[in-house]
Amino acid sequence: MSVKYDHKEIELRWQAEWEEKSAFAARPGQGEKYYCLEMFPYPSGKIHMGHVRNYSIGDVLARFLRMRGMNVLHPMGWDSFGLPAENAAIEHSIHPAKWTHENIAFMRRQLKRMGLGFDWTREISTCSPEYYKWNQWIFLKFYEKGLAYKRRSTVNWCPGCSTVLANEQVEEGLCWRCASAVEAKDLEQWFFRITDYAEELLDFTHKLPGWPERVLVMQRNWIGKSMGAEVSFPVDGSDEVIRIFTTRPDTLYGVTFMTLAPEHPLVERITAKDTLEEVRSFVKEVVREKKGAGAAALEKLDKKGVFTGAFCVNPLTGAKVPVYVANFVLMEYGTGAVMAVPAHDQRDFEFARAYGLPVKVVINPRGKTLEAESMEEAYVGEGILVNSGPFDGMLNTDAVDAIIDHLEEEGVGRRSINYKLRDWGISRQRYWGCPIPVIYCKACGTVGVDLEDLPVVLPEEVRLTGTGRSPLESAGEFVNTVCPRCKGEARRETDTMDTFVDSSWYFLRYLSPGDDKKPFEKEDARYWMPVDQYIGGIEHAVMHLLYARFFTKALRDLGLHTLDEPFKNLLTQGMVCKETARCGDHGFLSPGEVTGDGKCGVCGAAVEFGAVEKMSKSKKNTIDPDGIIERYGADTTRLFSLFAAPPEKDMEWSAEGVEGSYRFLGRVWRLVTENALLLEDTTTYDEGKDPSLDDSPPLKDLHRITHGTIKKVTGDIEKRFHFNTAISSIMELVNAVYALVRGDSFNNPVGAKVFRESVETVVLLLAPFAPHITEELWQRLGNETPLYKSKWPVLSEDALVKDEVTLVVQVNGRVRAKVVVPVDSTDDDVKEAVMKDARVAEWAGGKELKKFIHVPGRLVNLVVR
RNA sequence: GCCGAAGUGGCGGAAUUGGUAGACGCGCUAGACUCAGAAUCUAGUGGGCGCAAGCCUGUGGGGGUUCGACUCCCCCCUUCGGCACCA
């Protein structure tokens, strides 16, 4: 008697049941809390395999911990403001709101079809006024505290997206989203003062043991802390002073020239009359090169400079050194001026050699004397100071502090710290975002909207042209308003916020999703925060994860909660990849464009296979989850996405692998349905009450394997997130059960009980991975309580104990025999047993036993000569 | 250039503390069932030699530590990721 595994019918039925019962709603206050969160999706249209993997990982964890008795919060929402909605509006004449809401509806259905156990009662969407009202509220609190401010600045302008980008959103001079060359543009912009938190953000990268080291390293590099000194170099024959920042004050006596950034304000003021023309044209050229460098930023520009005709004075030595303008000096970092020490800095060295400038050695490696003339590269290592006045003979690492102290005493410099981190520019000249709640009044100036007037609702009627002006400027009714202070005529800010603002605190909104008095309830935050496990892509290592950390600290300082860090543990999942097909003439080909015998469907040329790359439309190697779910079911799709690789590593999608997972579920299905009568007729083996298994080794083995699997799967899920090995050990258990099913071991009352125990265990252990089929089988096993309310199997340590163990016997490190000994054998017992073995005698007989090594339960190694 | 991660069968991957390398799955081979196929089941499957028992060899390359190394140490190679004029 067999029943077909109808995955679709089973999955839809159980999904309806979970939906109806709100099976996965979190209820604060009951049991130990666990906040499991995956990065919420942008509603781009439909889910892709990256989503499938991300949410499958989170759901396994959430379901597992629920079965372990924890009160799990596992919410879902939508990062629903953003540029694609606007582009769709321009291309297809559909309102961004409509496009977004349709996408959300579609993707929500897809996620539910995946059987993901989310608490849908807490669903949020960042484009809803109920959500972005609190964005605006937070903005105003930041503004009040000076954490939000406006200034004119040179910004990264993406001509493709017609908007400003944050520094974090520029990759190698290109837009992170559309890869257009980023241009410089002067604009009035709102900023968040994330630099106020640079030190704390950096400090806490050392206090997040649950984060992957590489993410922490990336954040540290991004924050880019450098310790050193700021030093003043007076300009000779002028009142002007050039301030420089250096991390190498120990080399101050070796300065032989000075370099300024082309944009440095002093350039115009100190340049000699007769060189002004030359300097100006150089500056122009550099600016032009920098603008054009966007696309070709991979190639570093040649180091170039021009002498200004001016000299400045080294405050320690009194030496006059020439001042150059150089294309490699950045105005944005430090002070825009760099002292040059060619003997001990490679870039300065190259510049000095190119322009015939002197090289002065001030540090000698131990036991060596450097000759400036014959040096072929700068010496950047440690050593002893020379030519450095009172500091001669000092170790350079000690001289750093000594010289800074000296600078401070003389009043010509001070200790200083620099960060690469810049303040976060959040203004975007786009429509589909959160309006910045600010009003400009001729009389009162810049005024924040009153909190009672929030939200500032995004108007529906605007002209979207994508030309670079803020679309909101065209919405007259929105723009023209009255000043909250003087009630006079005023205009609204027409820029919207970077969507990364929306995602910087959404994890807090899930805690109190309906609250209309505050962004979130302090008590809820106290209970649920921090997020115990956050799961998402590595691409957010710097941007989102740094912004969210900043928000958490800033909101703490506003008194909204008391937490330092939002995410206790972070799992960065690998990418979903697939083999590409490529034709020399026609580029990447989709499977449909390749003929049956591996030729290009267009030209018939041989197709190149083998390159495994991240799934992407441009590579034509995507797999649509819908098709897989339709054909194999959500359980198979989830199972395979977890089985193919450990979660933090890239995985390769393979059609055959999916088949394998499907076959496995079929095996489990048949194990229960084909043995329904046997299973119905019995109860689970109970170690305490039922007869001992000592008389039946096969049953005792299976009982032990069953509990070994419980131990292995539990550990793999909770300690290591190694879902792939968890699944394979469940497969091993299934194989072990099948090995006995065809014999007669189970055809007796005790055998049936052991059989039922192992089958129930398979179903329970598999439940987090494949929740539908297991729910169905659980019911078919006659259980009244649905599986989603059931407990994880309990491990019996007693069951794990073996009577005998097989020891591997090595002679001189090579395996030569195996012996079976009682588990409690002493070294001497083992030695006796080993020596009796015929194979051992063959290899070790008649030779001198130098050493006898016994690793209990594992092996024996005889060292003989 | 700097920082980080990784290199294991035909493929995805396993080996948790230095203790039988290749679990589990895919693929492949042979067989059973079938009119046939699909599905399913059984057996085999790192490489070399051998009828076999078995022997040798094998985790990117070279050296080292150890009774014993995929695992620890040193050098090198390759691949991937991040940062990249940061003073």
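Predicted model only: the values in this text are computed from it and were never measured. Residue numbering restarts at 1 for every chain, and letters A, B, ... go by the order of the sequence lines.
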Peer 1: Check RNA chain B against residues 849-862 of chain A and give the residues with a non-hydrogen atom under 4.0 Å, in numerical order.
Peer 2: A:Lys851, A:Ile853, A:Val855, A:Arg858, A:Leu859, A:Asn861

Peer 1: Report yes if a side-chain nitrogen or oxygen of A:Asn724 is closer than 4.0 Å to either non-bridging phosphate oxygen (OP1 or OP2) of B:rA14; otherwise report no.
Peer 2: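 It does, given that an N or O in the side chain of A:Asn724 lies less than 4.0 Å from OP1 or OP2 of B:rA14.
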
Peer 1: Of the candidate nucleotides B:rG12, B:rA15, B:rG13, which contains the atom at the shortest distance from the side chain of A:His722?
Peer 2: B:rA15

Peer 1: May I have the step-by-step check of side chain to side chain donor-acceptor pair (under 3.5 Å) for A:Asn621 and A:Thr580, ending in yes or no?
Peer 2: CA-CA 6 Å; A:Asn621 63 342; A:Thr580 56; 5.9 Å; no

Peer 1: Quote, to the nearest angstrom, the C1' distance that separates B:rU65 from B:rG18.
Peer 2: 11 Å

Peer 1: By the 4.0 Å heavy-atom rule, please label A:Val863 as base, sugar-phosphate, or nothing.
Peer 2: sugar-phosphate

Peer 1: Under 4.0 Å, heavy atoms only, any strand: does A:Lys712 hit a base, just the sugar-phosphate, or nothing?
Peer 2: base

Peer 1: Please work out if A:Gln810 contacts a base, only the sugar-phosphate, or nothing of the nucleic acid, heavy-atom cut-off 4.0 Å.
Peer 2: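 Counting heavy atoms under 4.0 Å across all strands, the contact made by A:Gln810 includes a base.
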
Peer 1: For atom C1', what is the distance between B:rG10 and B:rG19, given to the nearest Å?
Peer 2: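 Nearest-Å result for B:rG10 against B:rG19 at atom C1': 30 Å.
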
Peer 1: B:rU78 and B:rG27: how far apart are their C1' atoms, nearest whole angstrom?
Peer 2: 27 Å

Peer 1: Looking for any heavy atom pair under 4.0 Å, which part of the strands does A:Thr247 touch: base, sugar-phosphate only, or nothing?
Peer 2: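 Since only primed, P, OP1 and OP2 atoms lie under 4.0 Å of A:Thr247, the category is sugar-phosphate.
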
Peer 1: May I have the list of side-chain donor-acceptor pairs in residues 710-722 of chain A shorter than 3.5 Å, sequence neighbours left out?
Peer 2:
residue	atom	partner	partner atom	Å
A:Lys712	NZ	A:Asp716	OD2	3.1
A:Thr714	OG1	A:Ile710	O	2.5
A:Thr714	OG1	A:Trp792	NE1	2.9
A:Asp716	OD1	A:Arg720	NE	3.4
A:Asp716	OD1	A:Arg720	NH2	3.2
A:Asp716	OD2	A:Thr725	OG1	2.7
A:Asp716	OD2	A:Ala726	N	3.3
A:Glu718	OE1	A:Arg68	NH2	3.4
A:Glu718	OE2	A:Arg68	NH2	3.4
A:Arg720	NH2	A:His722	ND1	3.3

Peer 1: State plainly whether the residues A:Lys818 and A:Asp837 are in salt-bridge range, i.e. N to O under 4.0 Å.
Peer 2: no

Peer 1: Taking NZ, NE, NH1 and NH2 as the nitrogens, is one of them in A:Lys831 or A:Asp828 under 4.0 Å from a carboxylate oxygen of the other?
Peer 2: no

Peer 1: Identify whether any heavy atom of A:Arg422 sits under 4.0 Å from a base atom; if not, whether one sits that close to sugar-phosphate; answer base, sugar-phosphate or nothing.
Peer 2: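 A:Arg422: no heavy atom of the nucleic acid under 4.0 Å.
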
Peer 1: How long is the gap from CD on A:Glu613 to CG on A:Asp650, to the nearest 0.5 Å?
Peer 2: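 One gets 11.0 Å once the value is rounded to the nearest 0.5 Å.
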
Peer 1: Taking the six-membered ring for Trp, are A:Trp424 and A:Tyr547 parallel (under 30°), tilted (30 to 60°) or perpendicular (over 60°)?
Peer 2: parallel

Peer 1: Ignoring backbone atoms, establish whether A:Arg839 has a side-chain N or O less than 4.0 Å from OP1 or OP2 of B:rC55.
Peer 2: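 Checking A:Arg839 against B:rC55: at least one side-chain N or O falls below 4.0 Å of OP1 or OP2.
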
Peer 1: How many Å lie between CZ on A:Arg720 and P on B:rA14, as a whole number?
Peer 2: 9 Å

Peer 1: Say you pick atom C1' in B:rC28 and the same atom in B:rU34; how far apart are they, in whole Å?
Peer 2: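 Straight-line distance between the two C1' atoms is 23 Å.
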
Peer 1: Could you work out the separation of B:rG13 and B:rG22 based on their C1' atoms and round it to a whole Å?
Peer 2: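 Their C1' atoms lie roughly 10 Å apart.
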
Peer 1: Looking at every strand, decide which applies to A:Asn735 at a 4.0 Å heavy-atom threshold: base, sugar-phosphate, or nothing.
Peer 2: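 Sugar-phosphate, no base atom in range.
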
Peer 1: Determine the contact category for A:Gly660: base if any of its heavy atoms lies under 4.0 Å from a base atom, sugar-phosphate if only primed atoms, P, OP1 or OP2 are that close, otherwise nothing.
Peer 2: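 Since only primed, P, OP1 and OP2 atoms lie under 4.0 Å of A:Gly660, the category is sugar-phosphate.
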
Peer 1: Is it true that atom CZ of A:Arg858 has more than 12 heavy atoms of other residues, nucleotides or ligands lying nearer than 6.0 Å?
Peer 2: no

Peer 1: Which value, in whole Å, describes the distance between the P atoms of nucleotides B:rC55 and B:rA21?
Peer 2: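 Going atom to atom, P in each nucleotide, I get 13 Å.
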
Peer 1: Measure the distance from CD on A:Glu659 to C1' on B:rU40 and round it to the nearest whole Å.
Peer 2: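 Going from A:Glu659 (CD) to B:rU40 (C1'), I get 14 Å.
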
Peer 1: If you check the A:Glu656 side chain, which of B:rC56, B:rC26, B:rA15 turns out closest?
Peer 2: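 Closest nucleotide to the A:Glu656 side chain: B:rC26.
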
Peer 1: Looking at A:Arg814, does any N or O in its side chain come under 4.0 Å of the phosphate oxygens OP1/OP2 on B:rC56?
Peer 2: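 Looking at the OP1 and OP2 atoms of B:rC56, one of them is under 4.0 Å from a side-chain N or O of A:Arg814.
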
Peer 1: So if I take every side-chain heavy atom of A:Pro646 and compare against B:rG13, B:rG12, B:rC24, which nucleotide ends up nearest?
Peer 2: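 Nearest to the side-chain atoms of A:Pro646, counting from C-beta on, is B:rG13.
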
Peer 1: Charged N to carboxylate O under 4.0 angstrom, A:Arg353 versus A:Glu350?
Peer 2: no

Peer 1: Look through every strand shown and name the nucleotide pairing with B:rG19 as Watson-Crick or G-U wobble, where both distances are under 3.5 Å.
Peer 2: B:rC67

Peer 1: For B:rG4, does OP1 or OP2 lie under 4.0 Å from any side-chain N or O of A:Arg220?
Peer 2: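 So the side chain of A:Arg220 is outside the cut-off, no N or O lying under 4.0 Å from OP1 or OP2 of B:rG4.
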
Peer 1: Tell me if B:rG81 is syn or anti. Syn = glycosidic torsion within 90° of 0, anti otherwise.
Peer 2: anti

Peer 1: In whole angstrom, give me the gap between the P atoms of B:rU59 and B:rC72.
Peer 2: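 Pairwise P distance, B:rU59 against B:rC72, rounds to 16 Å.
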
Peer 1: Of all the nucleotides listed (B:rC85, B:rC3, B:rC55), which has the minimum atom distance to the side chain of A:Phe328?
Peer 2: B:rC85

Peer 1: Should B:rG46 form a Watson-Crick or G-U wobble pair with both distances under 3.5 Å, which nucleotide is its partner?
Peer 2: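 Paired with B:rU57.
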
Peer 1: What's the closest nucleotide to the A:Met218 side chain, out of B:rG12, B:rG82, B:rU20?
Peer 2: B:rG82

Peer 1: Side-chain N or O of A:Arg667 less than 4.0 angstrom from OP1 or OP2 on B:rC41?
Peer 2: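 Yes, A:Arg667 has a side-chain N/O under 4.0 Å of OP1/OP2 on B:rC41.
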
Peer 1: Of the candidate nucleotides B:rG25, B:rA87, B:rU40, which contains the atom at the shortest distance from the side chain of A:Val329?
Peer 2: B:rA87

Peer 1: Contact class for A:Asn812 vs. all strands (heavy atom < 4.0 Å): base, sugar-phosphate, or nothing?
Peer 2: nothing

Peer 1: Got a sec: does the CZ of A:Arg243 have more than 12 other heavy atoms crowding it under 6.0 Å?
Peer 2: no

Peer 1: Considering heavy-atom distances to RNA chain B, does A:Glu842 or A:Tyr333 have its closest nucleotide positioned more toward the 5' end?
Peer 2: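 With A:Glu842 and A:Tyr333 compared, the 5'-side residue is A:Glu842.
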
Peer 1: Side chain of A:Phe245 only, heavy atoms from C-beta on: which candidate in B:rA87, B:rC86, B:rC26 is closest?
Peer 2: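 Ranking B:rA87, B:rC86, B:rC26 by closest atom to the A:Phe245 side chain puts B:rA87 first.
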
Peer 1: Report which part of the nucleic acid A:Trp843 touches: base, sugar-phosphate, or nothing (heavy-atom distance under 4.0 Å, all strands).
Peer 2: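 The answer is sugar-phosphate, as A:Trp843 gets under 4.0 Å only of primed atoms, P, OP1 or OP2.
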
Peer 1: If you measure from the C1' atom in B:rA23 to the same atom in B:rU45, how many Å do you get, rounded?
Peer 2: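 Rounded to whole Å, the distance is 15 Å.
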
Peer 1: Please confirm whether any donor atom in the side chain of A:Arg347 sits under 3.5 Å from an acceptor in the base of B:rA87, or the reverse.
Peer 2: yes

Peer 1: Out of B:rC86, B:rA15, B:rC41, which nucleotide sits closest to the side chain of A:Thr725?
Peer 2: B:rA15

Peer 1: If you take the centroid of each ring, where Trp contributes its six-membered ring, are A:Phe351 and A:Phe257 closer together than 6.0 Å?
Peer 2: yes

Peer 1: Contact class for A:Tyr419 vs. all strands (heavy atom < 4.0 Å): base, sugar-phosphate, or nothing?
Peer 2: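 No contact at all - A:Tyr419 keeps every heavy atom at 4.0 Å or more from the nucleic acid.
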
